[in-house]
Structure formats: C-alpha cells, structure tokens
Amino acid sequence: MMILSELGKTIKQLRQQKGISQETLAQQCGISRATLSKLENGYIANISIVTINQILCFLGYEIDIKPTNPFRTN
C-alpha cells in the first residue's frame, strides 16, 4: 500500500529506474518540468488525478483502488 504523500517519491524512483529525464516525462504528459519536480518533491495539491494517471501510464503503471482495511465491514 502506498501512502499518498509518498506518491511523488515513488514516481521519481520509477522515472529514474527507467532512465527518463524529468523534461522527457513532463513533455510526454503535457505538464511543465517544474510541475513534475513539485510532484516528485511531495507537493501534489494542484496536480489532477488525470495528470497523475498519465504519468503512471507512461511509466508502465496504473492506479489501483484497494480498501484501507480489508477486515472492515460497512
């Protein structure tokens, strides 16, 4: 399970593992390099879920929704 505050750090690690520059990833996802840098450094407040999905798709990953507590019943 990933904590939301770790999302940017994880994206940075995936990007670096694939040898992709911030500039290339930003261009491919239609955002500025500065916006990507902010995301990678934990500033995610102004980035849409669509943009995050585009970044993850480019890196070969997807968003997956899971329950936070599988033993919890409603």
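Here the structure is a predicted model, which means the values were calculated and not measured.
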Looking at [atom1] of [X] and [atom2] of [Y], how far apart are the two atoms once the value is rounded to the nearest 0.5 Å?
X     : Y     : atom1 : atom2 : result
Leu39 : Ile11 : CG    : CD1   : 4.5 Å
Thr10 : Leu56 : OG1   : CG    : 9.0 Å
Leu25 : Gln16 : CG    : CD    : 11.5 Å
Asn53 : Cys29 : CG    : SG    : 9.5 Å

| query | What pairs with Thr51 under side-chain contact (heavy atoms from CB on, under 4.5 Å), at least two apart in sequence or on another chain? | reply |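 Only Ile31, Ile47, Ser48, Gln54, Ile55 meet the side-chain contact (heavy atoms from CB on, under 4.5 Å) criterion with Thr51.
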
| query | Can you name the closest pair of heavy atoms from Ser37 and Asn41 and give their distance? | reply | O-ND2, 2.8 Å

| request: Identify, with sequence neighbours excluded, every residue that meets side chain to side chain donor-acceptor pair (under 3.5 Å) alongside Gln13. | output: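 Result, side chain to side chain donor-acceptor pair (under 3.5 Å) vs Gln13: none returned.
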
| query | Tell me the salt bridge (charged side-chain N to carboxylate O under 4.0 Å, His left out) pairs involving residues 26-35, sequence neighbours left out? | reply |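 Not a single pair qualifies under salt bridge (charged side-chain N to carboxylate O under 4.0 Å, His left out).
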
| request: Only pairs at least two apart or in different chains count here, so list each salt bridge (charged side-chain N to carboxylate O under 4.0 Å, His left out) that has a residue in residues 11-30. | output: Arg15-Glu40

